[in-house]
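Everything on this sheet refers to the single structure shown next.
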Amino acid sequence: MIDSHGGKNEPAGFWQAVKACSGTAADRRNQYRFVAWLSGWGVTFVGASWLLQNNENFGQALAWSIAILPNLFSVAALIAYLKFLREADELVRRIQLEGLAFGFGAGVIFAMAYFTLEHIGVPKLTGDRTIFVMMMGWVVGQLAATWRYR
Amino acid sequence: MKNRLRVLRAERDWTQAELAERLDVSRQTVNAIETGKYDPALPLAFRIARLFGHSIEEIFDPEAAH
């Protein structure tokens, strides 16, 4: 819907709402920086894991360097995310807060529920599954909050 | 919380984007405040009040539900 002064009042669809709630130009720049570091982390994490699992001939120094490399990206991604949050438009910050709360809550609930299921014989839970649920919860929480404030 | 932001903006013939630029927020924030989905934090409420030359209480009414 377009208001009488040329501004859109409500985005028509879900993805338009997602696009619309990306904040100011500075927020988008900070988001791109965060996503770039996060992508670097993902690539180096997969690469380092593969190299360390498939090459036993590495010396200690090289193996340590490869193992540490993804963590440099992860720390950079964390710093970029904190910068994004500190400088973000206040509605964007609210959306992020709700996303983080939902993600954290979903991860804790999943882990606690799974621990009780382990008593009745389901396979043991590994940490990466909880992290995956937290990250998916973060994304779902952001999308839900974006929809609420569209 | 009910507010008069849309009316005040309309009186000045500003678009949501123009108001957002003046307040240094996103257009979505202006839209969410106007539609009552989001109440601004105090610093933004003060910026809005200063911009329109009113007190916060004249723009935002905590007693009225949106």
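Just so we're on the same page: letters track the sequence lines, and every chain starts at 1.
Within the structure, side chain to side chain donor-acceptor pair (under 3.5 Å) pairs that include any residue of residues 45-55 of chain B comprise His54(B)-Glu58(B), Ser55(B)-Glu58(B) (at least two apart or interchain).
One hydrophobic cluster holds both Trp138(A) and Phe45(A) under the rule that ILVMFWY side chains link at heavy-atom gaps under 4.5 Å. Both Val25(B) and Ile56(B) belong to a single network of hydrophobic side chains, linked directly or stepwise wherever heavy atoms of I, L, V, M, F, W or Y lie under 4.5 Å apart. Hydrophobic cluster membership differs between Trp64(A) and Val75(A), with clusters built from Ile, Leu, Val, Met, Phe, Trp and Tyr side chains linked at under 4.5 angstrom.
Rounding to the nearest 0.5 Å gives a distance of 9.5 Å between CZ of Arg150(A) and OG1 of Thr35(B). For the atom pair OG1 of Thr24(A) and CD of Gln28(B), the computed distance is 9.5 Å after rounding to the nearest 0.5 Å. A distance of 8.0 Å separates CD1 of Ile95(A) from OG1 of Thr29(B), quoted to the nearest 0.5 Å.
Both the backbone and the side chain of Pro40(B) come within contact range of chain A, each with at least one heavy atom under 4.5 Å from a heavy atom of that chain.
Within 6.0 Å of CZ in Phe58(A) there are more than 12 heavy atoms belonging to other residues, nucleotides or ligands. In this structure, Tyr114(A) places its OH atom where more than 12 heavy-atom neighbours from other residues, nucleotides or ligands lie under 6.0 Å away.
The two residues Ser26(B) and Asp89(A) have their closest heavy-atom pair at N-OD1, 2.9 Å. Between Arg148(A) and Lys37(B), the shortest heavy-atom distance links the atoms O-CD, 3.3 Å.
The backbone N or O of Ala41(B) sits less than 3.5 Å from a side-chain atom of Glu90(A), completing a donor-acceptor pair.
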